[in-house]
Amino acid sequence: MTTRSPDPSRAASPSGIRREPFGSTAGGEAVERFTLTSASGVTISVLSFGGVIQSILVPDRTGALADVTLGYDTLPGYEKDKSYLGALVGRYANRIRAGRFSLDGRDYTLAQNAGGNHLHGGMRGFNKAVWSVEPLEDRGDVGLVLRHVSPDGDEGYPGTLRVQVTYRLTPIGELAIDFSATTDAATPVNLTQHAYFNLAGSGSGDILGHVLELNASRFTPVDATLIPTGELRSVRGTPFDFSTPETVGARIGADDEQLRLAGGYDHNFVLDRASASELALAARLSDPVSGRGIDIHTTEPGIQFYTGNFLDGTVMGKGGVPHRYRSGLALETQHFPNSPNEPAFPSTILRPGADHRSRTVYHFVVRD
Ligand code: GLA
């Protein structure tokens, strides 16, 4: 099998950025949509609402385009969404036990919005904010710089957090996402992108036939509320071993306590990496039928692999097709869940004067 960037000769249009209105929120804030076109034929649209990646058009082996990410056609879909489809997630992506943590001798209580735990920043996380957006064109790359200020006390978090996220699409079909943040008081920070992928095309079926490889020899097992127990467990001999390519569905129904607790895969994998801060391979995903693939590299220590177990077909997505059970999967690069309560996990505490920085690159490819 060979992996290549999509064929530039099949590009629908030259690289560029289109900007258009996308309605206004229930609160009256104007929202815009930005469409990034690259010479590779990969086209990505992004909303100022939630920094959402609304669509990702990727050519298959024959050049046929499909939209490989789940989402909605209109803004009210995103305003009502509870699945974080395509959104930027913060101030803390993933769960914090009971929404509680102590920092520098003080106890903090965050919004408890998921079975008594704090999830993805709370009731109104960064996924519900309207971000300011500035287009960026640089040596053949097209991109966007998104900015958001989270005030002191937002969802219970200490300090004013200034967040910047850059999306940059390269001529060979890579989407580089750079996260940065500064604060005026110590606070936990964990930022991620919550796109759901279906490489056969959004709305086309489930993701059980996708082939996944994860560069992880350990994962963080969870309790019944999906909070890590603190253990870093070897994947060897378990359905969590994706160190060689395996279909997502091959073992998802196995008699395994961790799969039972989460209703499928919904776990953080500990990435194998030579250095703590270099960009390293995290995941390779492919749809063997169309040949579409994604290679994910990141500077983060973990990746949450979530198989859309909470999607239940009750919410209509793009083109009036419901988001059915396991019709998309998320691969969320991140620090480990509940890190503020686990001193042995890599720290997520950002202090005044320091810069939070992380980078994740999705390379949309074709595998022959
Ligand atoms: C993450 C979590 C899941 C679920 C989804 C959103 O991926 O790990 O448990 O909450 O977000 O529905």
Side-chain angles (χ1 to χ4, degrees), residues 50-53 69-72 77-99 110-128 155 190-198 202 206-207 210 212 214 216 219-229 240 248 252 258-270 282-283 285 296 298 300-317 322-339 342 345 348 360 362:
V52 160
I53 297 179
T69 196
L70 274 55
Y72 306 95
Y78 288 101
E79 290 187 272
K80 283 182 242 140
D81 171 75
K82 292 190 166 54
S83 303
Y84 303 84
L85 296 185
L88 293 175
V89 178
R91 190 179 293 200
Y92 196 98
N94 218 311
R95 292 174 170 80
I96 297 176
R97 189 197 302 120
L110 306 172
Q112 290 142 24
N113 58 319
N117 294 320
H118 180 81
L119 174 68
H120 290 336
M123 309 300 281
R124 277 191 71 80
F126 295 179
N127 57 309
K128 299 293 184 197
E155 301 286 330
N190 191 24
L191 303 173
T192 196
Q193 218 305 328
H194 206 302
Y196 288 67
F197 298 111
N198 184 327
S202 164
D206 67 44
I207 42 67
H210 282 39
L212 178 67
L214 290 173
F219 75 112
T220 51
V222 292
D223 67 15
T225 72
L226 300 183
I227 295 288
T229 59
F240 291 81
V248 169
I252 201 168
Q258 283 297 312
L259 288 172
R260 262 197 311 277
L261 286 171
Y265 296 102
D266 192 357
H267 294 80
N268 170 66
F269 286 71
V270 179
L285 183 69
I296 301 180
T298 190
E300 287 288 342
I303 192 166
Q304 182 84 7
F305 171 42
Y306 167 58
T307 42
N309 313 311
F310 294 121
L311 301 176
D312 61 6
T314 57
V315 178
M316 286 300 162
H323 294 130
R324 295 196 184 89
Y325 184 53
R326 295 181 176 162
S327 60
L329 63 84
L331 287 162
E332 307 150 53
T333 54
Q334 59 173 14
H335 272 56
F336 307 167
N338 198 36
S339 296
E342 291 288 354
F345 286 179
T348 52
T360 290
Y362 302 144

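Read the numbers this way: they start at 1 and go in the same order the structure lists the ligands and their atoms. Please read these numbers as outputs of a predicted model, since none were measured by experiment.
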| remark: Contacts of H194 meeting ring-ring contact (aromatic ring centres under 6.0 Å, His included) (sequence neighbours excluded), chain-then-number -> Y84, H120, Y196
| field | Listed partners of Y72 passing ring-ring contact (aromatic ring centres under 6.0 Å, His included), at least two apart | value | Y78, H323
| field | Neighbouring protein residues of ligand 1 - any heavy atom closer than 4.0 Å | value |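 Contacting ligand 1 under 4.0 Å are S83, Y84, R95, L119, H120, H194, Y196, L226, D266, Q304, Y306, F310, E332.
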| query | Using a distance-only test with no angle check, is there a side-chain donor-acceptor pair under 3.5 angstrom linking D266 and Q304? | reply | yes
| note | Sorted by chain and number, sequence neighbours left out, salt bridge (Lys or Arg N to Asp or Glu O under 4.0 Å) with R124 holds for none
| query | In a check of side chain to side chain contact (heavy atoms under 4.5 Å, CB included) between N117 and each of N94, L226, L110, I227, which one passes? | reply | I227
| What do you reckon, are the aromatic ring centroids of F240 and F305 less than 6.0 Å apart? | no
